[in-house]
Protein chains: 2
Amino acid sequence: MNEINKNMIKKSIEESIVLSILDLSSQLKKIGDEVYQKVGLTTQQWLILLHLADNPNLPFFKREKHEKDLMASELADSLNVTRANITNLINILLDKGLIRQYEDNKDRRKKRLKLTKKGITLVNKTQPSRLGVINYLTEGFSKEEKQTFLCFLEQCMDKLINEDEKIKSFHKLLENSDVDL
Amino acid sequence: MNEINKNMIKKSIEESIVLSILDLSSQLKKIGDEVYQKVGLTTQQWLILLHLADNPNLPFFKREKHEKDLMASELADSLNVTRANITNLINILLDKGLIRQYEDNKDRRKKRLKLTKKGITLVNKTQPSRLGVINYLTEGFSKEEKQTFLCFLEQCMDKLINEDEKIKSFHKLLENSDVDL
DNA sequence: ATAAATAATTAATGTAATTAACTAATTTTG
DNA sequence: CAAAATTAGTTAATTACATTAATTATTTAT
């Protein structure tokens with residue numbers, strides 16, 4: 001190992017947290033994909049079902065209140081992807097008969113989405129085991145500690161969403177970087 | 001909105017935390033991709049550079065000690081992807097001249113990876129702004145709170161990695177599910 | 001009435017991942 | 001020690017998920 005390279009970067013709790021969040025997320029997605037593969041779904045498709053099931057624990061529902069059934073553009077917003085991408089995912093779920101689509105009668109550009117009976121049944125059937133896993137993973141911490149983590153996560157998200165210009169400005173130097181690529 | 005569908009799922013701090021972690025991670029990757037695009041890299045490629053820079057904050061280095069330079073299979077392990085995938089990512093970084101590869105002289109199956117001078121320069125140049133963003137995101141919480149949060153994340157990861165059989169067993173019922181798909 | 005904005009889609013494409021099959025080297029084991 | 005199993009890496013074919021750009025339709029704003 002190169003001595004110049006060694007210990008170049010200092011330990012930092014903050015960076016450890018961020019890198020752990022990325023790691024944990026990929027592990028969660030991985031295990032989710034394996035589990036949902038049994039019913040022919042991916043984690044991403046599953047998240048759409050959770051949205052249409054009005055899962056109140058989804059960050060999107062803490063940011064945005066909604067009265068009517070969701071539409072594709074709201075899902076795109078929540079999942080942080082393009083509308084075009086959501087169209088594809090929705091088509092798969094429509095094919096599987098897990099969701100259905102209907103035109104908004106006030107605004108005919110809009111198409112609203114909802115779970116079919118089959119979709120509702122699937123979500124209801126799997127919710128207990130989902131919660132089982134989640135409670136197992138998070139056991140051993142107090143309610144207060146968990147509440148603090150949640151605040152922490154929400155603060156990070158809030159800053160990423162509402163102050164992303166400020167965040168990108170930190171990286172301004174990259175633009176004028178004289179590292180020749 | 002369907003009344004049967006409404007409020008089907010109960011509020012749960014634990015589920016909120018898990019869903020927030022997934023959400024936050026996708027936001028972080030998104031903004032990372034935007035920033036690193038300026039130097040022609042993706043977040044995933046960037047993570048490889050951080051590994052080769054021996055960033056002590058990477059979860060992988062808390063799980064595994066390593067003496068020698070990393071090899072592709074260790075990166076695959078850490079990033080939770082296949083070796084085949086790492087091969088591709090490495091080829092891109094080799095092409096860009098940011099890393100180099102050499103054969104282990106004890107075991108000729110192995111190829112070890114390290115940053116080139118150019119790679120080291122790039123990591124060093126960007127590390128301050130990376131830390132700037134991270135500190136901004138996480139400000140306002142005490143050292144103790146952050147430490148507890150890190151323990152929490154590490155517990156989750158530990159259980160996902162070492163007890164994944166137990167975790168999958170929660171979902172056994174999905175296999176015998178009579179939801180007809 | 002025209003222009004701008006919003007919602008959804010389509011088509012073409014790119015990227016990051018996968019699996020399966022393969023080569024090569026090393027380690028295990030019978 | 002020779003055969004079998006394992007480990008490391010690669011290649012080729014494929015898939016999942018994402019993108020951009022262009023298009024249609026509708027609604028809202030000027």
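Everything numeric in this text was worked out from a predicted model, so none of it was measured. Below, each value reflects all heavy atoms present in this structure, side chains not excepted, and no hydrogens, waters or symmetry copies. Letters A, B, ... mirror the listed sequences (proteins, then strands); counts begin at 1.
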Exercise. Within a reach of under 6.0 Å around CD of Glu163(A), are more than 12 heavy atoms found that belong to other residues, nucleotides or ligands?
Worked result: yes

Are the side chain of [X] and the backbone of [Y] linked by a donor-acceptor contact shorter than 3.5 Å?
{"X": "Asn135(B)", "Y": "Leu131(B)", "result": "yes"}
{"X": "Thr116(A)", "Y": "Gly119(A)", "result": "yes"}
{"X": "Gln127(B)", "Y": "Asn124(B)", "result": "no"}

Whole-Å gap separating [atom2] ([N]) and [atom1] ([X]):
{"X": "Asn85(A)", "N": "dG14(C)", "atom1": "CG", "atom2": "C1'", "value": "13 Å"}
{"X": "Leu79(A)", "N": "dA16(D)", "atom1": "CG", "atom2": "C1'", "value": "15 Å"}
{"X": "Leu89(B)", "N": "dG9(D)", "atom1": "CG", "atom2": "P", "value": "14 Å"}
{"X": "Arg108(B)", "N": "dT10(D)", "atom1": "CZ", "atom2": "C1'", "value": "17 Å"}
{"X": "Lys110(A)", "N": "dT27(D)", "atom1": "NZ", "atom2": "C1'", "value": "9 Å"}
{"X": "Asp33(A)", "N": "dA17(C)", "atom1": "CG", "atom2": "P", "value": "12 Å"}
{"X": "Ile90(A)", "N": "dA16(D)", "atom1": "CD1", "atom2": "P", "value": "18 Å"}
{"X": "Ile99(A)", "N": "dA8(C)", "atom1": "CD1", "atom2": "P", "value": "12 Å"}

Contact class for [X] vs. all strands (heavy atom < 4.0 Å): base, sugar-phosphate, or nothing?
{"X": "Ile86(B)", "value": "nothing"}
{"X": "Lys30(B)", "value": "sugar-phosphate"}
{"X": "Arg83(B)", "value": "base"}
{"X": "Lys106(A)", "value": "sugar-phosphate"}
{"X": "Asp107(A)", "value": "sugar-phosphate"}
{"X": "Ser73(B)", "value": "sugar-phosphate"}

Within the pair [X] and [N], is there a side-chain N or O less than 4.0 Å away from OP1 or OP2?
{"X": "Gln45(A)", "N": "dA16(D)", "answer": "no"}
{"X": "Gln44(A)", "N": "dA18(D)", "answer": "yes"}
{"X": "Lys111(B)", "N": "dT10(D)", "answer": "yes"}
{"X": "Thr87(A)", "N": "dT9(C)", "answer": "yes"}

From [options], pick the nucleotide closest to the side chain of [X]?
{"X": "Ala84(B)", "options": "dT18(C), dA18(D), dA8(D)", "value": "dT18(C)"}
{"X": "Val81(A)", "options": "dT19(D), dT18(C), dA8(C)", "value": "dT19(D)"}
{"X": "Thr82(A)", "options": "dT19(D), dG9(D), dT18(C)", "value": "dT19(D)"}
{"X": "Arg109(B)", "options": "dA17(C), dA25(C), dT10(C)", "value": "dA25(C)"}
{"X": "Asn88(A)", "options": "dA16(C), dA8(D), dA18(D)", "value": "dA18(D)"}
{"X": "Gln101(A)", "options": "dT9(C), dC17(D), dA8(D)", "value": "dT9(C)"}

Seminar exercise, completed: Ranking Asn91(A) and Thr42(B) by the position along DNA chain C of their nearest nucleotide, the one closer to 5' is Asn91(A)

Problem set entry | Pair Asp23(B) + Arg63(A), salt bridge at N-O below 4.0 Å | yes

Problem set entry | Short N-O contact, Glu15(B) and Lys10(B), less than 4.0 angstrom | no

